[in-house]
Amino acid sequence: MEDKSPADWDPRAQEVLDDQIKAYDGMRKRCPVAYSDYLQWSLFRHEDVMRALTDHDTFSNAASRHLSVPNAMDPPEHTPYRHIVEKYFTAEHVREFEPMCRANTASLFDDLPQDSDVEVMNALGQPFAVRNQCAFMGWPDSLREPLRRWIGKNHQATRAGDRHAMAKIALEFDGYISEQLIARREAGEAAPADATTRLLQEKIEGRWLSDEEIVSIIRNWTVGELGTIAASVGILTHYLAKHSELQEALRQGRENLPDAIDEILRIHAPLISNRRVTTQPVTIGDREVPAGERISLIWASANRDEDVFGDPDEFQPQRNRDNNLLYGAGLHVCPGEPLARLELEVFMETLLAKTRHIEMAPDATPERAQFPASGFASLPVMIQRD
Ligand code: HEM
């Protein structure tokens with residue numbers, strides 16, 4: 001067994017939290033397979049992350065002690081749950097949701113002040129994600145604020161590694177969702193025809209999904225939406241504010257928008273990492289990793305690996321498209337991708353249509369989000385509207 005001390009790095013050191021992307025770039029060069037007390041093993045290289053994504057026998061997803069449907073499951077258990085989840089994100093469902101998504105987004109921009117500084121995360125990122133999540137699931141507007149606060153608390157407890165707080169926060173989420181389930185059961189035939197009601201009608205191997213399973217499925221979706229989509233909105237807005245040529249080009253023609261979104265989110269990942277656990281001893285790079293060890297796949301580094309992408313900051317949508325791991329790969333590849341793509345395209349189209357110009361606010365500095373969140377905690381931007 002390898003001697004694991006001292007640790008190779010501290011994922012919660014202040015300089016890592018202050019600028020995660022820069023810190024992970026450094027780790028990829030200095031120690032691409034790194035041990036820490038907090039995360040155990042972190043993989044920074046594209047090649048190593050791809051290996052973990054495709055060698056399901058050695059890298060298991062059963063890395064959580066709590067029920068997490070479907071992300072912390074391996075086949076054959078994962079397969080039927082995954083089939084259920086995929087049904088909710090078909091092209092048809094996403095198309096049905098589009099008008100509501102467009103209306104939600106337009107109203108956010110209509111509420112912005114004229115020609116003044118805007119704190120993007122507060123005014124756009126979080127409300128955009130939370131409104132769309134409530135609309136997609138059929139939840140009342142009264143849930144928006146509690147959910148927005150919940151995701152912040154969830155990130156804080158994860159960063160602190162505070163298991164007690166994490167369990168309490170999970171229970172708080174269960175409470176919000178259980179209320180929605182109970183209301184629909186009581187309504188019977190009169191229950192709204194929305195995604196939450198449909199989940200109550202799902203069967204797995206001949207039996208109804210339990211409430212615990214439904215809540216867990218919804219928690220997975222909610223974290224995808226509130227954490228990752230909100231972060232994406234900040235990252236995309238920041239990139240346009242910093243790159244006025246690209247901003248102008250996209251204002252002239254929107255046909256390159258989908259590729260541009262993927263490439264910006266490759267350069268600056270909205271999702272930092274996901275976990276695996278080793279099922280047997282394995283050599284990764286020059287490190288011997290024992291069985292039963294936790295592994296973090298650092299998307300925010302793998303997608304910037306020089307061996308695959310050359311200069312990681314060079315904006316090259318066509319060249320980099322095929323290796324971009326934004327939505328993952330393998331059995332657990334993001335099932336919410338069609339919804340995420342729709343929402344981010346609608347966000348960018350609306351941003352470009354409803355503004356004349358955006359740039360960084362002259363007298364304010366953005367504050368980066370800290371692990372496990374990505375993007376920005378606060379992003380002051382000057383938005384000029386017609
Ligand atoms: C820009 C937005 C998003 C990004 C970048 C993203 C990225 C990812 C990635 C990289 C994975 C693979 C995780 C792994 O291998 O362990 C994943 C899984 C997943 N994502 Fe997303 N996601 C986004 C939005 C969403 C949304 C909006 C939803 C649902 C509403 C969602 C639901 C899920 C679920 C349920 C899984 C687990 C799938 C499984 O384990 O089989 N994601 N996502």
Side-chain angles (χ1 to χ4, degrees), residues 43 46 49-56 59-64 67-75 77-90 93-94 97 101 125 128-137 139 147 151 195-196 199 213-214 216-236 258 261-277 294-303 324-348 372-375:
L43 307 186
H46 191 278
V49 168
M50 274 309 287
R51 178 173 168 205
L53 289 175
T54 45
D55 180 356
H56 297 286
F59 298 91
S60 157
N61 267 57
S64 169
L67 181 71
S68 175
V69 186
N71 194 243
M73 292 175 158
D74 291 322
E77 189 190 21
H78 174 256
T79 315
Y81 289 100
R82 173 82 195 195
H83 285 154
I84 290 180
V85 167
E86 280 174 358
K87 288 193 300 188
Y88 289 74
F89 304 103
T90 58
H93 275 112
V94 168
F97 179 61
C101 178
F128 174 80
V130 94
R131 280 184 196 198
N132 279 323
Q133 173 71 358
C134 288
F136 187 76
M137 299 304 297
W139 298 338
L147 284 177
I151 198 82
T196 310
L199 277 168
E213 288 165 333
I214 297 175
S216 176
I217 289 174
I218 293 178
R219 194 183 307 118
N220 239 228
W221 295 359
T222 308
V223 171
E225 179 71 52
L226 301 193
T228 321
I229 293 282
S232 301
V233 164
I235 293 165
L236 292 166
I261 293 172
D262 282 12
E263 178 67 347
I264 295 168
L265 299 179
R266 177 195 67 73
I267 293 171
H268 188 160
L271 176 67
I272 297 291
S273 61
N274 278 99
R275 292 198 332 200
R276 298 292 186 268
V277 61
R294 276 188 289 132
I295 307 270
S296 284
L297 315 178
I298 312 287
W299 310 112
S301 169
N303 251 350
N324 191 341
L325 287 176
L326 178 60
Y327 293 102
L331 287 176
H332 296 273
V333 66
C334 181
E337 178 178 340
L339 178 65
R341 283 185 181 284
L342 168 83
E343 291 185 7
L344 297 179
E345 280 169 43
V346 166
F347 173 78
M348 289 286 265
S374 186

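Remember, it's 1-based here, ligands and their atoms both numbered in the order they're listed.
- Numbered from 1 in the order shown, with element, the atoms of ligand 1 that lie under 4.0 Å from a heavy atom of R82 read 38 (C), 39 (C), 41 (O).
- Formation of a donor-acceptor pair under 3.5 Å by the R276 side chain with backbone atoms of I295 is not found in this model.
- In terms of polar-atom proximity, N220 is not counted as a contact of ligand 1, lacking any N or O under 3.5 Å from an N or O of the ligand.
- Annotation for ligand 1: atoms under 4.0 Å from non-hydrogen atoms of F89 are 29 (C), 30 (C).
- Remark: side-chain polar atoms of S216 are paired, donor with acceptor, to backbone N or O of L67 under 3.5 angstrom.
- Between M73 and R82, the closest side-chain pair of non-hydrogen atoms is not below 4.5 Å.
- Given atom 41 (O) of ligand 1, the protein heavy atom at minimum distance is H78 NE2, 2.7 Å.
- Among protein heavy atoms, atom 5 (C) of ligand 1 sits closest to L326 O, 3.4 Å.
- Closest heavy-atom approach to atom 16 (O) of ligand 1 within the set R276, H332, E225, E343: this belongs to R276.
- At least one side-chain heavy atom of L326 sits under 4.5 Å from a side-chain heavy atom of P270.
- One N or O on the side chain of D74 and one on the backbone of N61 form a donor-acceptor pair closer than 3.5 Å.
- Using modelled atom types, no side-chain atom of N274 and backbone atom of L297 make a donor-acceptor pair closer than 3.5 Å.
- The distance from ligand 1 to the heavy atoms of S232 drops below 4.0 Å at these ligand atoms: 1 (C).
- Numbered from 1 in the order shown, with element, the atoms of ligand 1 that lie under 4.0 Å from a heavy atom of P70 read 38 (C), 39 (C), 40 (O), 41 (O).
- Atoms of the protein (N, O or S only) found under 2.8 Å from atom 21 (Fe) of ligand 1 are C334 SG.
- Closest to atom 37 (C) of ligand 1, if we only count protein heavy atoms, is N71 ND2, 3.6 Å.
- Between the side chain of N324 and the main chain of D262, a donor-acceptor pair closer than 3.5 Å is present.
- Without hydrogens or angle criteria, T196 side chain to M137 main chain gives a donor-acceptor distance under 3.5 Å.
- Pairs of residues two or more places apart, or lying in two chains, that qualify as salt bridge (charged side-chain N to carboxylate O under 4.0 Å, His left out) and include a residue from residues 329-340 are E337-R341.
- Ring geometry, F89 versus F136: the interplanar angle falls under 30°, so the pair is classed parallel (tilted spans 30 to 60°).
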